[in-house]
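Read the structure below first, then the notes.
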There are 2 protein chains.
Amino acid sequence: MTTEVSPATGAGHVPAGTRWLDDGEQLAWRAWLHSTQMLQDRLERDLVRSTGIPSAYYEILVQLSETPDRMMRMSELADRCLSSRSRLSHAVSRLEERGWVRRQECPEDGRGLLAVLTDEGFAALEAAAPIHVESVRTHLFDQLSPQQIAAMRDVGETLLRHLGR
Amino acid sequence: MTTEVSPATGAGHVPAGTRWLDDGEQLAWRAWLHSTQMLQDRLERDLVRSTGIPSAYYEILVQLSETPDRMMRMSELADRCLSSRSRLSHAVSRLEERGWVRRQECPEDGRGLLAVLTDEGFAALEAAAPIHVESVRTHLFDQLSPQQIAAMRDVGETLLRHLGR
DNA sequence: GCGGAATAGTCAAGCCCTCAACTACGCTAC
DNA sequence: GTAGCGTAGTTGAGGGCTTGACTATTCCGC
């Protein structure tokens with residue numbers, strides 16, 4: 001995403017009653033939009049450059065690693081990664097090519113599959129994690145006061161409640 | 001982007017001294033990560049569904065519309081849209097196919113081109129803007145208190161200062 | 001003015017994502 | 001037990017983005 005909100009337009013062409021953003025809201029909107037885009041972009045580039053793992057794959061590895069058996073149903077994995085099923089399916093195929101994940105039939109449900117983190121996958125994650133966390137610290141936490149971090153969390157959680165998670 | 005930070009790993013396998021995230025930081029990180037992803041996703045889908053314009057294109061139209069002559073150098077446009085030059089070049093080509101933008105030679109610099117917003121492009125933006133701003137209100141501003149909005153802006157601006165803009 | 005470096009923009013290959021169609025299995029009711 | 005429907009997951013086509021190589025132009029020092 002990206003996107004400023006109001007066109008440089010005079011009044012009168014658009015449906016009356018549009019609640020345009022005022023100046024403060026415009027500034028807040030641009031600050032949010034640009035900072036999130038730039039930060040995501042920076043973290044992504046750092047991660048790929050230093051570990052060769054795109055963040056979408058990293059997230060999959062993390063979710064699997066946090067599970068007792070290092071395995072999870074494909075759909076649950078998709079949900080946790082905020083990913084569509086199709087996208088996850090493609091991603092797991094590519095992770096299988098790297099030898100980091102394999103698919104395994106699900107005993108309780110003949111339709112289902114389990115994504116299983118291999119030892120190689122776990123090792124790759126273990127190597128990448130310290131690098132990634134350092135990047136997150138450098139570009140996010142080291143820049144903010146404890147109050148700002150608390151506020152960021154509060155805003156994030158409020159939005160998540162509305163968006164449903 | 002996406003991405004949890006620490007692997008479910010015992011101590012000892014990774015370089016000593018990694019500054020792992022504590023519980024509060026983890027929660028703040030996940031809240032930020034998931035809320036920004038979900039919100040961007042939601043706004044993008046709303047915009048495409050109701051106007052047919054992806055946010056990357058919308059941003060280009062907005063930037064051009066805010067300029068006195070509705071034209072801008074390709075590189076400046078790329079910078080303002082947080083876009084690579086290649087990406088912008090592709091996007092402008094596609095906007096040209098829609099008849100919303102055209103390229104024009106730059107008088108002062110034979111290497112350069114100007115992207116010019118056409119009347120059709122301006123009309124498309126004018127039609128889309130109220131719909132988009134309503135979506136931003138619904139999913140962002142209507143969910144937050146004035147204090148939260150101020151905090152969001154503060155955090156965003158702080159991060160932008162570090163990331164350079 | 002000339003040679004080399006820097007800048008503006010484009011293009012092709014490859015990767016990733018989305019959308020919609022598809023297969024396969026499970027569940028329920030009759 | 002089988003029809004019909006819902007769920008799990010995959011697949012392929014098509015579009016967008018990134019990277020890196022390429023052309024054209026300008027700038028700068030001499």
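Every chain is numbered from 1 and lettered A, B, ... according to where its sequence line falls, protein lines coming before strand lines.
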(request) Look at the side-chain N and O atoms of B/Arg85 and state whether any lies under 4.0 Å from the OP1 or OP2 oxygen of D/dC17. (result)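 So the side chain of B/Arg85 is outside the cut-off, no N or O lying under 4.0 Å from OP1 or OP2 of D/dC17.
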
(message) On the nucleotide C/dT18, are OP1 or OP2 found under 4.0 Å from the side-chain N or O atoms that A/Ser84 carries?
(response) yes

What's the [atom1]-[atom2] distance between [X] and [N], to the nearest Å?
X       : N      : atom1 : atom2 : result
A/Glu44 : D/dC17 : CD    : P     : 15 Å
A/Glu76 : D/dA8  : CD    : C1'   : 14 Å
B/Arg49 : C/dT18 : CZ    : C1'   : 16 Å
B/Asp41 : C/dC17 : CG    : P     : 12 Å
A/Met74 : D/dT10 : CE    : C1'   : 9 Å
A/Leu88 : C/dC17 : CG    : C1'   : 13 Å

(message) Tell me if a side-chain donor or acceptor on A/Asp22 pairs with a main-chain N or O of A/Gly24 at a distance below 3.5 Å.
(response)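 Yes; at least one donor-acceptor contact below 3.5 Å.
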
(message) So if I take residues 89-108 of chain B and measure heavy-atom distances to DNA chain D, which residues fall below 4.0 Å?
(response)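 Under 4.0 Å from DNA chain D: B/His90, B/Arg94.
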
Kindly point out which of [options] is positioned nearest to the side chain of [X]?
X        : options                : value
B/Arg87  : C/dT18, D/dC17, D/dT10 : D/dC17
A/Ser86  : D/dT19, C/dA8, C/dC19  : C/dC19
B/Arg111 : D/dG20, C/dA8, D/dT11  : C/dA8
A/Tyr57  : C/dC16, C/dC17, D/dT10 : C/dC16

(request) Salt-bridge test for B/Glu25 and A/Arg137: reply yes if a basic N is under 4.0 Å from a carboxylate O, no otherwise. (result)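 The answer is yes: the pair qualifies as a salt bridge.
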
(request) Hey, could you give me each pair passing ring-ring contact (aromatic ring centres under 6.0 Å, His included) that has a residue in residues 134-160 of chain A? Not counting sequence neighbours. (result)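 Every ring-ring contact (aromatic ring centres under 6.0 Å, His included) pair that includes a residue of residues 134-160 of chain A, provided the two are not neighbours, is A/His139-B/His162.
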
(request) Report the residues that fulfil ring-ring contact (aromatic ring centres under 6.0 Å, His included) with B/His90, sequence neighbours left out, ordered by chain and then residue number. (result) none

(request) Please list, chain by chain and in numerical order, all residues satisfying side-chain hydrogen bond (donor to acceptor under 3.5 Å, both in side chains) with B/Thr158, sequence neighbours excluded. (result) A/Gln148

(request) Using side-chain hydrogen bond (donor to acceptor under 3.5 Å, both in side chains) as the criterion, list what pairs up with B/Arg103, not counting sequence neighbours. (result) B/Ser93, B/Glu96

(message) Between B/Leu114 and A/Asp109, which residue's closest nucleotide on DNA chain C lies nearer the 5′ terminus?
(response)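 So the residue in question is B/Leu114.
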
(message) Under the rule for salt bridge (charged side-chain N to carboxylate O under 4.0 Å, His left out), what residues qualify as partners of B/Arg19, not counting sequence neighbours?
(response) A/Glu134, A/Asp142

